[in-house]
Structures are given as C-alpha cells and as structure tokens.
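Quick notes on the structure that follows.
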Amino acid sequence: MTTTVDEFDSTLALTATGILRDFNMAGVILAADVHVASRLTALLAESNESVALACALVARAVRAGSICLDLAEVRDEVGEDGEELAWPALDEWLAALAVSPLLADPRPLHLEDTRLYFDRYWREEEQVEQDLRRRAGRTAPEIADERALLAGLDRLFPGTAYVEQRNAAETAARQWTTVLTGGPGTGKTTTVAGLLAVLAEQAEIAGDRRPWIALTAPTGKAAGRLEEAVRREMTQRLDAKDTERLGDFHARTLHMLLGGRPDSSTRFRHDRDNRLPHDIIVVDETSMVSLTMMARLLEAVRPEARLILVGDPDQLASIEAGAVLADLVDGLVGGGHIEAAELRTSHRFGSEIGDLALAVREDRPEDVLAVLRSGGDRVRFIEDDDPREALRSALLPDVLAIRQAAEAGDTDAALEALDRHRLLCAHREGPWGVNYWNRTVERWITEETEDPLWDTWYVGRPVLVTANDYALGIYNGDVGVTIRLPNGSLRVFINSSRGRLDFAPSRLGNIETLHAMTIHKAQGSQAAEVTVLMPGEESRLLTRELFYTAVTRAQDRVRVVGTEAALRLALSRRALRATGLQQRLSQATGQ
Ligand SMILES: Nc1ncnc2c1ncn2[C@@H]1O[C@H](COP(=O)(O)OP(=O)(O)OP(=O)(O)O)[C@@H](O)[C@H]1O
C-alpha cells in the first residue's frame with residue numbers, strides 16, 4: 001500500500017520515523033506531540049520507541065484538557081483511528097517506562113499506577129491533594145453560638161422552600177472547605193449570601209472584627225455576575241443589620257485576587273509565603289478553574305480561612321487542563337473528607353428549561369427530546385440539517401435592532417438588544433463555526449441595509465473581549481457594541497465589571513465579532529434567549545457537557561437547531577478528561 005503524504009499538512013511531522021510516524025499518519029498524534037516526544041527522548045538518550053509514543057500521547061492528552069494519560073485506557077479512547085496501529089502491550093509498555101531515563105531524576109515524566117504525567121501536572125495534582133487533605137483534617141471551625149447559628153439559618157432561609165439551601169449553608173458553616181454544587185438557578189448565590197450573613201453574625205457574637213470576604217471567579221464576566229447577584233440578594237433578602245455586618249465588597253477575577261506578576265503567568269504575588277488575608281473566600285464558576293489555578297489558590301489560602309467552591313460539575317470543564325470541580329465532588333466529597341452541599345431544585349427557569357437541563361444531567365435522552373418537542377413557549381427544537389432560514393428569522397430582528405440603536409447613538413438600547421439573544425456554536429471554524437456564522441450574519445445585514453460593511457469596524461458591530469486587559473479595565477468575556485457618535489465617529493461601548501467603558505476601536509486588541517459565540521466562551525455568562533446550533537454528527541466536540549452548558553446559558557428561552565441524530569450522539573458522549581485527583585483523594589491515606 002502506498003500512502004501519499006501532504007507535505008504542507010501542518011499536523012504531519014515529516015521527520016518522524018517508526019511508531020511515531022505511524023501514529024502521526026493515522027491522525028492520533030499531531031506534529032506538535034511528535035516534537036515533544038522527540039525532544040525529550042533525544043535529550044535523555046531514550047531509544048525505546050514505546051516510551052517515545054507514551055510521551056507523545058501524554059502531550060496529546062494535555063492538549064485535550066487531561067492532566068495525565070491513562071495507558072490502560074488510551075487505546076479504547078482513541079477508538080477507530082488507532083485500530084490498525086501497533087500498540088505496545090500494557091505490561092511491556094509499563095516495564096519500558098519503569099526503566100526509562102525519562103522517569104528518573106530530573107524526571108520529566110511520572111508514572112502513577114497506569115497514569116503517566118508530565119512533571120508539572122503531577123506536582124500540581126499532588127499539591128492540590130495535600131492542601132485539601134490538610135484543610136479537611138483540621139478541627140472544624142468553632143461556632144461562637146450554636147443557637148444563634150440555627151436561628152440565623154432559620155431567619156435567612158425561612159420555610160420549606162429554602163430547606164435545601166438552609167442545609168447547604170449549615171454544612172458550609174461547619175467546615176473549612178465546602179464544595180457547593182447545583183445547576184443553574186438552584187439558588188447557589190442565594191445560599192452564599194445567606195451563609196456570609198450567618199458567618200458575619202457569628203464573628204460579631206465572638207467579638208471578632210468583620211470577616212474579610214473575597215468573592216472571586218475565573219473570568220471577569222463571571223466575577224461581575226457574582227457581585228451583581230450577591231448585591232441583589234443583599235438588597236432584596238437580607239435585612240439592614242445583615243447587610244451592614246457584611247460591609248462593602250467587590251468581586252474580582254482569580255488572577256486579580258492572587259495578584260498577577262509581570263514575570264510569570266502561572267505564579268502570583270499571593271502564595272504559600274504571602275497568603276491571602278481574607279477570612280472567607282468564595283469562588284464561583286469553579287468548573288472553569290484549571291488545575292494550575294486551583295493549585296495556586298490553595299497554596300495562597302490561609303489554613304484558617306473558609307473556602308467555598310461554588311459551581312456546576314455537569315458543565316464543561318476549564319479549557320485548560322483539569323476537571324477540578326468534578327474531581328472535588330467525586331474525591332473530596334465522595335472520599336468522605338467533607339460533607340456535600342448540593343442544591344437540586346431549580347428556582348429560576350420556567351419549568352421547561354429546568355426540565356430540559358435536568359433530563360440532560362440525569363442522562364434521559366427520551367425526556368430531552370420530549371421536552372424539546374413539547375411545543376412549549378420556552379424551549380424549541382428546529383430539526384433541520386440546513387439551519388440557514390431558521391437562523392435568519394431567529395437572529396435578524398435582534399441584529400437589526402442593535403444596528404438601528406447603534407446608528408441612532410442609543411447605547412442603552414444597543415447593549416440591551418445585544419443581551420437579548422446569543423447564537424452559540426460548538427466550533428470556531430467550518431459550517432457550524434462561529435466565523436462562518438459571523439460572516440453570514442454580516443451578509444444578511446448587507447442585504448437588509450445595503451451597507452457593504454467593508455470595514456472591520458462597522459456601526460452595530462457587537463464585540464466580545466477575548467483576553468483580560470487590566471490597563472483598559474476590560475476582561476475576557478465582556479461584551480460591547482460599536483456605536484456611531486453624533487460627530488459621525490465610531491466608539492465601542494463595553495459593559496465591564498468596572499461599569500460601562502468606551503474606547504476608540506483602534507485601542508481594542510483582543511476582540512471578536514459577537515453575532516455568534518462558541519459555547520466554551522459562553523461559559524459563565526447568560527442571555528435572555530439562546531439559540532444553540534448543533535454541529536454535524538462527525539463533530540468531535542459533540543458531548544453531553546457541551547449541550548448542557550449551551551442550553552443552560554438561556555434565562556428565558558432556548559432554541560436548539562440540529563438533527564435528532566446529532567442530539568442523541570451528544571447526549572451519549574461524555575467529555576472525558578483523564579486526571580488522577582479523584583483517585584488520589586479517594587484513597588484512605590494519600591500522604
Ligand atoms: N428557595 C427559593 N425559592 C424561590 N426562589 C428562589 C429560591 N432560591 C433562589 N430563588 C430565586 O431563584 C433565582 C436563582 O437563584 P440564584 O441566583 O441564587 O441561583 P444560582 O444557582 O446562583 O444561579 P446561576 O448559577 O444560574 O446564576 C433568583 O431569582 C433567586 O431569587
């Protein structure tokens with residue numbers, strides 16, 4: 001058999017030989033993975049091909065968000081693409097690794113059972129495990145006045161409607177580390193606000209100063225939402241005394257809380273030698289926190305500070321390596337180190353979106369389809385493999401409303417129209433991708449308005465900020481609109497957690513057009529109405545977590561566009577990430 005090699009295909013490593021070449025040609029590993037393996041094996045004079053292959057496969061695993069490679073499972077996980085390849089037998093593979101210079105000091109790789117790690121992730125995982133075990137092993141925090149605690153919980157979470165939240169708050173009040181989990185609208189923020197009030201009351205009773213509280217989240221957008229939601233709870237539900245006890249606060253990104261350093265993207269001003277001064281640290285959207293950030297946070301939290309990790313473990317995990325929240329639920333709670341604080345009842349959605357989300361979480365595909373097809377107001381399923389017409393009629397009214405308001409210089413109306421609707425795509429490129437749909441919407445605008453939109457910056461261009469810019473005060477996930485000022489010039493107005501800011505277009509670097517957005521980027525944000533464009537069945541991104549994350553971005557209405565086959569496929573596939581944190585935490589003694 002002869003194979004034609006496309007020498008311009010950047011995924012192919014033209015210099016690869018032997019087993020690396022075979023795996024590369026089959027599309028299992030990319031050129032970048034081959035380079036990592038070749039460099040490491042050359043540096044440490046390792047000639048065993050199966051070790052080189054293991055190296056390349058670890059690089060591949062990390063690219064896909066795993067912390068490590070499970071050698072016992074990789075063959076199944078690769079599936080069809082690897083069927084014809086000469087995989088090493090597991091025992092021989094492990095034996096070759098055991099004597100490899102790559103696993104001797106200074107070891108770039110670590111082997112733990114059948115899990116193979118790059119050193120950095122192995123160390124981070126171990127640090128996270130040990131810090132969590134240490135925190136869980138401390139004597140429980142003292143309650144200044146038991147009766148006042150119970151009375152406070154009853155006051156802040158009254159009646160049967162709040163029982164779940166009351167119990168979660170009580171659990172959290174009695175431990176140093178809490179993982180507070182729940183789907184969207186299950187009252188996580190309400191629980192946090194009530195818990196903070198109870199803890200502040202306890203501090204007052206004990207004669208301590210007002211607790212120093214940090215509210216934080218992995219993205220600026222999520223931090224902004226957290227602050228807004230806690231403020232809302234304070235004004236709507238807490239009485240004046242509780243509010244006064246809590247004092248004023250601002251939510252910040254984890255980067256800002258830990259204190260970014262110009263010389264490093266993975267090290268911060270606050271660390272084990274310079275701990276955070278706070279007494280209570282609340283982290284929202286913990287599903288988006290990577291292993292590296294969790295490691296940095298845990299080393300910076302004082303042992304006698306409470307840590308409350310809030311999130312939804314069914315959502316997509318961080319785009320960086322790790323699936324920390326799910327591991328904490330399975331390992332820290334499942335391993336019996338701490339008590340669970342889980343919220344299950346949705347209070348926000350009309351029941352249809354709540355029912356849909358629950359059916360996805362609980363893996364009931366027939367019910368998912370039944371809710372989607374029930375013909376209700378809030379959930380619609382447009383079963384079409386050519387979504388153009390459906391999307392045009394769904395999107396155009398809001399797109400034109402943004403444009404009209406932007407032309408008239410009405411920033412409020414333009415930003416309000418922008419928040420009404422999001423088109424979410426799984427991919428960036430290709431026919432189901434954000435780039436294609438951004439261009440398509442722009443073409444529709446041209447057809448409707450006869451404006452050719454020659455320039456990148458046009459009136460009504462909605463934008464998404466894609467990187468934190470501390471100098472400008474805008475953060476990854478912030479959104480804005482390009483407005484025409486009375487003098488004819490264009491100015492971009494962005495809703496940031498620092499308030500509404502405006503800029504000349506030329507000052508903005510990390511920006512994308514926002515007629516469509518990837519589901520990954522939409523994590524941590526919501527819109528009144530969401531249209532989810534399902535990719536074709538061949539999409540590798542199609543997973544249950546992706547679909548769940550997409551539909552739960554909607555506050556009032558969700559429209560799913562795609563085929564039943566694609567939907568069923570998504571529901572049947574989990575976004576698997578190999579990590580060892582859960583296993584480590586589940587072991588009785590992990591020291
Ligand atoms: N026990 C309850 N009974 C009725 N309504 C509630 C209850 N708890 C919370 N709510 C209301 O439900 C909505 C969602 O609550 P909250 O914002 O606390 O949920 P959440 O889990 O933080 O949501 P998300 O993560 O999706 O932002 C809010 O409007 C809140 O006031």
Side-chain angles (χ1 to χ4, degrees), residues 153-172 178-198 215-239 242-243 246 251 282-289 308-317 325-326 329 340-358 360-361 378 419 422 424 477 497 519 522-530 545 548-558:
L153 289 165
D154 289 343
R155 175 170 54 84
L156 289 152
F157 301 101
T160 48
Y162 283 93
V163 156
E164 218 175 49
Q165 286 145 290
R166 185 202 174 284
N167 293 342
E170 181 173 355
T171 303
T178 295
V179 184
L180 174 63
T181 58
T186 48
K188 298 185 291 298
T189 318
T190 315
T191 308
V192 166
L195 169 67
L196 294 177
V198 168
L215 296 181
T216 181
T219 67
K221 187 80 191 163
R225 277 187 66 215
L226 174 64
E227 180 172 323
E228 207 178 291
V230 174
R231 277 191 198 289
R232 186 197 62 218
E233 285 300 312
M234 283 172 71
T235 46
Q236 288 178 4
R237 279 187 8 94
L238 302 194
D239 63 24
D242 285 320
T243 309
L246 287 174
V282 178
V283 183
D284 199 12
E285 299 286 353
T286 309
S287 60
M288 295 165 71
V289 177
I308 297 145
L309 302 167
V310 185
D312 181 353
D314 287 295
Q315 271 201 44
L316 284 170
L325 182 61
V329 174
E342 186 189 3
L343 304 176
R344 297 181 53 82
T345 314
S346 174
H347 300 287
R348 180 184 300 126
F349 298 128
S351 66
E352 287 160 50
I353 302 182
D355 291 349
L356 177 66
L358 202 63
V360 178
R361 280 178 89 141
R378 291 172 179 268
D419 273 345
R422 285 279 175 282
L424 300 183
S497 46
I519 298 167
Q523 272 181 283
S525 69
Q526 288 200 309
E529 183 172 349
V530 162
E545 289 80 358
Y548 177 83
T549 304
V551 296
T552 54
R553 298 309 90 210
Q555 284 164 328
D556 297 328
R557 257 174 243 276
V558 62

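Counting starts at 1 for both ligands and their atoms, following the listed order. It should be emphasised that the depicted structure is a prediction, and the values quoted were computed from it without experimental measurement. In what follows, every heavy atom counts, from backbone to side chain, and hydrogens, waters and symmetry copies are set aside.
Residues forming a salt bridge (charged side-chain N to carboxylate O under 4.0 Å, His left out) with Arg225 (at least two apart in sequence, or on another chain): Glu285. For Arg232, the salt bridge (charged side-chain N to carboxylate O under 4.0 Å, His left out) criterion is met by no residue, not counting sequence neighbours. For Arg231, the side-chain hydrogen bond (donor to acceptor under 3.5 Å, both in side chains) criterion is met by Glu227, Asp248, not counting sequence neighbours.
Sorted by chain and number, the heavy-atom contacts of ligand 1 below 4.0 Å come from Ala161, Tyr162, Gln165, Gly183, Pro184, Gly185, Thr186, Gly187, Lys188, Thr189, Thr190, Arg225, Arg232, Glu233, His347, Arg348.
Note that CZ of Arg553 and CG of Leu424 are 8.5 Å apart. Values are rounded to the nearest 0.5 Å. The CG atom of Leu343 lies 5.5 Å from the CD atom of Glu164; values are rounded to the nearest 0.5 Å.
The shortest heavy-atom contact between Phe157 and Gly194 is CZ-CA, 3.6 Å.
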